[in-house]
Amino acid sequence: EVQLVESGGGLVQAGGSLRLSCAASGFAFDDYAIGWFRQAPGKEREGVSCISDSVRGLYYEDSVKGRFSISKDSSSHTVYLHMNSLKPEDSAVYYCAASRRSLIASQALVNSEYDYWGRGTQVTVSS
């Protein structure tokens, strides 16, 4: 059974940091791209970051470039999203997702390119 389990969300003040984790199981982890998405109330789910299956491809949504970084630990089948300089507009439910495709930049942050999804973790940034 494929599972993606997010953790690490919480309440943080503006300017603070959080590290989200996505623990994966039930599929060939190193053969999949892993993406992070977020959805704020009343808004569509948007792509935040992606690490390709080869790890050479790292992609970020413009508003998080320079503040967020994505990394992968193949030994533990875990992908991390390191979030720094958090802003209130970063508040959302954050989801990780897995894609069996070799994604290029134009695909990496597109919801429909992903096959499996986690249930999400809430991030709230107070001003």
(message) Strictly below 4.0 Å, N to O, side chains only: are Asp53 and Arg100 in salt-bridge contact?
(response)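 So Asp53 does not pair with Arg100 through a salt bridge.
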When you compare the side chains of [X] and [Y], does any donor N or O come within less than 3.5 Å of an acceptor on the partner?
| X | Y | result |
| --- | --- | --- |
| Tyr94 | Arg38 | yes |
| Asn84 | Ser17 | yes |
| Ser71 | His82 | yes |

(request) Report yes or no: does Ser99 contribute a side-chain atom to a donor-acceptor pair with the main-chain N or O of Ala33 at less than 3.5 Å? (result)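 Such a contact is absent between Ser99 side chain and Ala33 backbone.
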(request) Report yes or no: does Gln39 contribute a side-chain atom to a donor-acceptor pair with the main-chain N or O of Val93 at less than 3.5 Å? (result)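 Not a single qualifying donor-acceptor pair exists.
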Distance from [X] atom [atom1] to [Y] atom [atom2], nearest 0.5 Å?
| X | Y | atom1 | atom2 | answer |
| --- | --- | --- | --- | --- |
| Leu103 | Ser52 | CG | OG | 8.0 Å |
| Tyr80 | Lys72 | OH | NZ | 13.0 Å |
| Arg67 | Ser85 | CZ | OG | 7.0 Å |
| Tyr116 | Glu1 | OH | CD | 11.0 Å |
| Ser126 | Leu86 | OG | CG | 10.0 Å |
| Leu4 | Ser25 | CG | OG | 7.5 Å |

ILVMFWY network linking [X] to [Y], side-chain heavy atoms under 4.5 angstrom:
| X | Y | answer |
| --- | --- | --- |
| Leu81 | Val12 | yes |
| Val79 | Leu18 | yes |
| Ile51 | Val48 | yes |

Hey, are the side chains of [X] and [Y] touching, using non-hydrogen atoms and a 4.5 Å cut-off?
| X | Y | result |
| --- | --- | --- |
| Ser76 | Phe29 | no |
| Arg101 | Glu113 | yes |
| Leu109 | Cys50 | yes |
| Leu20 | Ser7 | no |
| Val123 | Met83 | yes |
| Tyr95 | Arg119 | no |

(request) Looking only at non-hydrogen atoms, find the nearest pair between Asp73 and Ser75 and report the distance. (result)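 Asp73 and Ser75 have their closest heavy atoms at OD1-OG, 2.5 Å.
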(request) Taking all heavy atoms of Ala98 and all of Tyr32, pick out the closest pair and write down the distance. (result)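 The pair with the smallest heavy-atom distance is CB-CD2, 3.9 Å.
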(message) Between Tyr60 and Phe68, is the ring-ring contact (aromatic ring centres under 6.0 Å, His included) condition met? List the steps.
(response) CA-CA 8 Å; Tyr60 299 95; Phe68 291 12; 8.2 Å; no
(message) Here's one to test your reading of the geometry: is the NZ or CZ of Lys65 within 45 degrees of the ring axis of Tyr59 and under 6.0 Å from its centre?
(response)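 No; the conditions do not both hold, so Lys65 does not lie above the ring face of Tyr59.
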(request) Would you please indicate yes or no on a ring centroid separation below 6.0 angstrom for Phe37 and Trp117? (result)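 Yes - the distance between ring centres of Trp117 and Phe37 falls below the 6.0 Å cut-off.
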